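The structure appears right after this line, and notes come after that.
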Amino acid sequence: MIKLLKNLWGRLLFRDKGILPTKKLLAFFLIMSTGLLLLSIWDVSWVVLILINLLFLLLSLIDLAFIPATKQIIVERRIPDEMERGISYPISINITNHSKHQVKFRVIDGIPQSFQTDFPIMGFVQGESSTTASYKAIAKIRGMYTVKEIYIRYRSLVGLWERQAKTHQEHTVKVIPDLTSTRNYLESAQKFLLHEGMKVRKQKTGSGEFTKIRSFVVGDDPRKINWRQTAKLQEVMTNEYEPEHGKYITVLIDCGRMMGVELSKSNRLEKALEAALTLITAALQKGDYVSVLAFSKNVKVYVPPAKGMAHLQTILEAVYNLEVDASESNYAAVLTYLQTLQKKRSLLLLFSDVQTFLHEESALVYLKRLRKRHLFLMLGIEDEFLLNEVRAVPSDVQKAMKKSVAQQQQLFKKREKIKWEKQGLQMVEAKEENLATVAVSNYISMMNQGIL
């Protein structure tokens, strides 16, 4: 009995197979019942009433006989194997009708609930033909997902009955970080690096390797102007130099508790991943060796150093399903582990929460040792809530106290950052939307200065 009730409940919720009455049938039945009730007032024979009911039932069963069988309706799904988080992707459902009658259908795909969709999909398919219905899906959470059943409901010829069926089609979908920043960088690196009117600093005059002659733009060093090409083309041209390639870059991604803090569109880990992948793309494009280490309490992922754009896919495969852990980050253990791995001089880029890191006195000891061989740069996201409290104009005692505490936290952060920077450990904070740009800008600036 319980199993039967579960099947009926699942059928009503678009989860099971079977035949259901439509709203049209229920409306006709209600109208007929009202009419029969009125006829019964005038002493109409019960035989007549029974005959009317039987006739209505017969007509509905005749309509039911024209509903296509389950085998006559073929449903197929086309879905991308890989989707980026937060990006809308079209998913198509192909419906083939092998019966001779037109069918009105409704479809719900068995896509995970973490995807943003708009169901059901409705439409018509003519007899002995096929049609394609589509919907938009936005993946909100990274990871590997399996999409299995497709649920469809289609009506009989008159529309009194509705058959529900499900098709098992298993597809695996990988949801990776949003690579919009990475694509923007690859399309136009110079345009990507311009934000808020600022421009990446150029390298020292004459340093690095000569690469090409290009048009002079605002901000270029006038001493690099190529006067011969300028006179020849009647346009100001400048020499462009690039730093030496083949440097070692190690990207550290914090997955500890504080990286789960929610921002306006995602959390800190999401933004850190997006910025890290953009920076990795820039480094690989420049010919540098890149390694990645993700950690929280322990090391979660380590990708050995390699160069070439093919290495980006290796890194993406390793980090696409990283999640925030409930534990605190163990910086000391990770930095000790890094010492045993990275023997060559490299640039260490840590994506983490600056406020939390400043309270880790033990990490300073290990970073001092690393500083003897490596360069260190920490990148974090500004605490917008703290900044708003600092800028707020207090209107009562409670708000004045909040502003005072926020200012105290701000002063502590500035004081501790100065202490760490005196040890050669640079720290940079940026707005969440500018983190990728700031990361790439600082990387290129350090490479151009030749300090690695």
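Only a predicted model underlies this, so the values are computations on that prediction, with no experimental measurement involved.
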Partner of Leu273 by side-chain contact (heavy atoms from CB on, under 4.5 Å), out of Ser266, Cys255, Pro177 =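 Single side-chain contact (heavy atoms from CB on, under 4.5 Å) partner of Leu273 among Ser266, Cys255, Pro177: Pro177.
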
Could you check whether [Y] and [X], counting side-chain N and O atoms only, form a donor-acceptor pair closer than 3.5 Å?
X: Asn97; Y: Tyr154; answer: no
X: Asn330; Y: Tyr337; answer: no
X: Thr167; Y: Tyr151; answer: no
X: Glu128; Y: Ser99; answer: no
X: Gln355; Y: Gln409; answer: yes

Could you tell me if the side chain of [Y] sits less than 4.5 Å from the side chain of [X], heavy atoms only?
X: Leu341; Y: Tyr302; value: yes
X: Thr437; Y: Tyr185; value: no
X: Glu270; Y: Arg142; value: yes
X: Ile176; Y: Met83; value: no
X: Tyr289; Y: Ile249; value: no
X: Tyr248; Y: Leu347; value: no
X: Thr250; Y: Leu349; value: no
X: Gln169; Y: Glu76; value: yes

Pi-cation contact, Tyr320 with Lys174 (under 6.0 Å, within 45°) |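 Pair Lys174/Tyr320 counts as cation-pi.
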
Geometric class of the His101/Phe66 ring pair [parallel <30°, tilted 30-60°, perpendicular >60°] =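 Perpendicular.
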
Quick one: list whatever passes side-chain contact (heavy atoms from CB on, under 4.5 Å) with Pro112, sequence neighbours left out.
->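 side-chain contact (heavy atoms from CB on, under 4.5 Å) check on Pro112 returns Ser114, Phe115, Tyr145, Val147.
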
With sequence neighbours excluded, residues passing side-chain contact (heavy atoms from CB on, under 4.5 Å) with Ala133 =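 Ala133: side-chain contact (heavy atoms from CB on, under 4.5 Å) contacts with Phe105, Ile121.
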
Under the salt bridge (charged side-chain N to carboxylate O under 4.0 Å, His left out) criterion, do Glu389 and Lys403 qualify, and how do the steps go?
-> CA-CA 5 Å; Glu389 290 294 335; Lys403 182 181 176 79; over 6 Å; no

Check against salt bridge (charged side-chain N to carboxylate O under 4.0 Å, His left out), Lys297 and Asp325 | CA-CA 8 Å; Lys297 187 176 181 180; Asp325 290 346; over 6 Å; no

